Amino acid sequence: MKSISKKLAGIGLTLSMAASAMAAGPYDGIYQSVSSPSTYASVHQNGASLIVALFTISGVTGVSVVGTFGKVTNANLDTWVLYQGAMIGTHAALTGESTFHACSPSIDFDIDSSGNALITVTALARTALGAAQNVVCDAETRIGDTLKFNRAF
């Protein structure tokens, strides 16, 4: 009997720890850009910690990707940027890296009264890699640009 009780207690402890590791914030979900329907934001909150991953499909020409899988040349390039920071109420100031680690943007992430997201670029800087390769970080995105994202689910 004792071994069954110990096993059940162990299972209960494991499940309770797993539940706390899967904490979800009120704004967790997938949001779709209003102005660019092929851009999505995946939002995840645990307490005050927030991460926002932006996924974009961009049209490109002559870009090849080479890896252990071989070589792929495509008319679209899928990119993502991961931002992280602290959320206070409906606002977060987040930082990340973009453009294949060449740029370091900062954004304000806000939830409006309808539950949709607004992302405003607050800073853009080149990383050491970006400076070494003369990357122009504000070629497509500029400080002050604001994107609205509707909550998809």
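Model, not experiment: these values are computed from the prediction. The first residue in the sequence is number 1, and the count goes up from there.
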[atom1]-[atom2] distance between [X] and [Y], expressed to the nearest 0.5 angstrom:
X	Y	atom1	atom2	value
T56	D78	OG1	CG	9.5 Å
T90	Y27	OG1	OH	5.5 Å
T95	E97	OG1	CD	9.0 Å
Q133	T99	CD	OG1	11.5 Å
F100	T79	CZ	OG1	6.0 Å
M87	S49	CE	OG	12.0 Å

Could you pull out the closest heavy-atom pair between [X] and [Y], with the gap in Å?
X	Y	answer
L54	A41	CD2-CB, 3.5 Å
S98	V81	CB-CG2, 3.6 Å
W80	F55	CB-CD2, 3.6 Å
T120	G144	CG2-O, 4.0 Å
A92	L50	CB-CD2, 3.7 Å
G96	Y83	N-CD2, 3.7 Å

Which residue, L82, I30, V52, I51, forms the side-chain contact (heavy atoms from CB on, under 4.5 Å) with S42?
I30
So, applying side-chain contact (heavy atoms from CB on, under 4.5 Å) with I119, which one of L94, I107, D110, T39 is it?
I107
Plane angle bin for Y31 and F109 - parallel if under 30°, tilted between 30 and 60°, otherwise perpendicular
perpendicular
Any donor-acceptor N/O pair, D138 side chain to T141 backbone, under 3.5 Å
no
T127 side-chain N/O to H101 backbone N/O, donor-acceptor pair under 3.5 Å
yes
Side-chain H-bond candidate by donor/acceptor type, S33 with S36, under 3.5 Å:
no
Check whether any side-chain heavy atom of [X] lies under 4.5 Å from a side-chain heavy atom of [Y], and answer yes or no.
X	Y	value
P26	Q45	yes
D108	H91	yes
H44	N46	no

